[in-house]
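Accompanying notes for the structure given below.
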Amino acid sequence: MTVLAAALSGLFFATTAQAADASKPNIVIGTTVGDFGDMVKSQVKPILEKEGYKVRLVEFTDYVRPNLALQEGSLDVNVFQHKPYLETFAKENKLSLTALFQVPTAPLGIYAGKLKALKSVKDGSTLAAPNDPSNFARALVMLADLGWVKLKPGINPLTASERDIAVNVKHIKIIPLEAAQLPRARSDADFAVINGNYATSSGIKLTEALFQEKSFAYINWGVVRSADVGKQWVRDVTAAYNSAEFKGWAKQKYVGYKFPAAWK
């Protein structure tokens, strides 16, 4: 009986691995609803739990609360934003956050609304677009690429606003909305600029986009509190997102996405 008890005890401890960072056994990851959450549920969470961590996912439907929750400590990592947005938001809200690793990102696209083709654009057409400054700037750059507007020379494309439109060639009426509302807003506008994660979470295929942004400046990042940079659990989360297992799965799952530069 003593031998049996010892054997069972050994089996128990062999199957309940201790977290690599014993001081941080529980990790809370926040994402927006959709592909970033799916990445955690399908791959990142299982990878980290094999290493002994307990992982909880919190999903958001806006771009404001994830950074505030991270700063306040109710999240340990968030995955939903590109660097230009993070830098602007952190500066405006006096947050100490650091972007550490890139993640597969669905590009911003223009999708059909009442009008089904770009060539159908007419004088005074309406276009729903994300209302946060960073993604609104991206939308303006796309309109400039299409020739629908002309932006003032020398402006910073990462911070472009309506004030930077030199000529509204097509007299486009831009309707700013919360990014999460844009898939539903398509029926009320001629076109809609939709973030890739909200497109996919709403059942819209990226291949349905009439036009996709050309820039690679907007790959999204995993972000942590600056004070946590260098901690073992942060290194383990980063490694999970850059693991061969995750890469192989993502490249099959997310055809048409932009992938981290470190994967090349």
Side-chain angles (χ1 to χ4, degrees), residues 32 62-63 80-92 99 102 104-200 202 204-221 256-261:
T32 42
D62 67 272
Y63 290 156
F80 78 98
Q81 64 195 316
H82 49 69
K83 267 190 176 177
Y85 178 82
L86 170 64
E87 290 167 356
T88 300
F89 190 93
K91 183 178 180 181
E92 291 176 349
Q102 294 180 329
T105 305
L108 195 70
I110 295 179
Y111 293 83
K114 294 177 182 178
L115 300 179
K116 306 305 178 186
L118 295 177
K119 64 182 180 182
S120 300
V121 66
K122 53 192 177 183
D123 195 65
S125 284
T126 56
L127 178 130
N131 65 359
D132 63 276
S134 180
N135 286 307
F136 189 84
R138 296 167 72 185
L140 289 181
V141 171
M142 291 175 69
L143 295 184
D145 288 339
L146 282 170
W148 292 4
V149 304
K150 292 182 180 179
L151 299 177
K152 294 176 182 177
I155 65 154
N156 183 348
L158 300 181
T159 59
S161 69
E162 282 196 87
R163 295 189 301 274
D164 296 315
I165 297 176
V167 183
N168 190 337
V169 179
K170 295 292 185 180
H171 298 97
I172 300 295
K173 296 177 181 176
I174 302 175
I175 306 167
L177 295 171
E178 284 286 339
Q181 297 177 17
L182 290 166
R184 297 191 300 274
R186 287 203 299 167
S187 59
D188 298 320
D190 294 322
F191 302 99
V193 177
I194 304 176
N195 293 77
N197 61 308
Y198 285 125
T200 55
S202 299
I204 301 170
K205 295 180 181 179
L206 296 182
T207 52
E208 293 178 29
L210 304 178
F211 187 81
Q212 288 184 334
E213 65 183 338
K214 298 176 181 179
S215 174
F216 276 79
Y218 299 101
I219 295 288
N220 285 3
W221 290 75
Y257 276 49
K258 292 181 178 179
F259 295 108

* **For Pro130 against Asn135, the heavy-atom pair lying closest together** => CB-CB, 3.6 Å
* **Spatial distance of atom OG1 (Thr159) from atom CG (Leu140) [nearest 0.5 Å]** => 10.5 Å
* Structure fact -> To the nearest 0.5 Å, atom CD1 of Ile174 lies from atom CG of Asn168 at 6.5 Å
* Asked: Does the side-chain contact (heavy atoms from CB on, under 4.5 Å) test come out yes or no for Lys170 and Val149, once each step is laid out?
  -> CA-CA 7 Å; Lys170 295 292 185 180; Val149 304; over 6 Å; no
* Asked: CD1/Ile175 to CD/Gln181 distance, rounded to the nearest 0.5 angstrom?
  -> 12.0 Å
* Which atom pair, heavy atoms only, marks the closest approach of Ala192 to Leu182? -> CB-O, 4.3 Å
* To do: Could you walk me through whether Ile194 and Arg186 pass the side-chain contact (heavy atoms from CB on, under 4.5 Å) test, one step at a time?
  => CA-CA 9 Å; Ile194 304 176; Arg186 287 203 299 167; 3.8 Å; yes
* Whether Tyr63 and Tyr198 hold their rings parallel, tilted or perpendicular, with breakpoints at 30° and 60° -> tilted
* To do: Over all heavy atoms of both residues, which pair between Ile165 and Lys152 is shortest? Give the atoms and the distance, please.
  => O-CE, 4.3 Å
* How many angstroms lie between NE2 in His171 and CG in Asp123, if you round to the nearest 0.5 Å? -> 5.5 Å
* Smallest separation among heavy atoms of Pro183 and Ile204, with atom names -> CB-CD1, 4.0 Å
* To do: Report yes if some heavy atom in the side chain of Tyr111 is under 4.5 Å from a heavy atom in the side chain of Leu206; otherwise report no.
  => yes
* Structure fact -> Applying side chain to side chain donor-acceptor pair (under 3.5 Å) to Glu213 and not counting sequence neighbours gives Arg138
* Asked: So, does Lys116 use its side chain to make a donor-acceptor pair with the main chain of Gly113 at under 3.5 Å?
  -> yes
* Asked: Ala217 and Pro84: which non-hydrogen atoms are nearest, and at how many Å?
  -> O-CD, 4.0 Å
* Does atom NZ of Lys173 have more than 12 heavy-atom neighbours from other groups under 6.0 Å away? -> no
* Quick one: are Asp190 and Val121 in side-chain contact, heavy atoms under 4.5 Å? -> no
* Nearest-0.5 Å distance that lies between atom CE in Met142 and atom NZ in Lys214 -> 10.0 Å
* To do: Report yes if the side chains of Ile110 and Leu146 come closer than 4.5 Å at any heavy-atom pair, otherwise no.
  => yes
* Give the intermediate values and the outcome of side-chain contact (heavy atoms from CB on, under 4.5 Å) for residues Thr32 and Asn195. => CA-CA 11 Å; Thr32 42; Asn195 293 77; over 6 Å; no
* What's the verdict on side-chain contact (heavy atoms from CB on, under 4.5 Å) for Leu118 and Phe211, showing C-alpha distance, side-chain angles and the deciding distance? -> CA-CA 8 Å; Leu118 295 177; Phe211 187 81; 4.0 Å; yes
* Atom NZ of Lys122 and atom CG of Leu115: how far apart are they, to the nearest 0.5 Å? -> 5.5 Å
* To do: Grab the two heavy atoms, one from Ala189 and one from Thr126, that are nearest each other, plus how far apart they are.
  => CA-OG1, 3.4 Å
* To do: Anything under 30° is parallel, anything over 60° is perpendicular, the rest tilted; go ahead and classify Tyr218 against His82.
  => perpendicular
* Quick one: are the ring centres of Phe191 and Trp148 less than 6.0 Å apart? -> yes
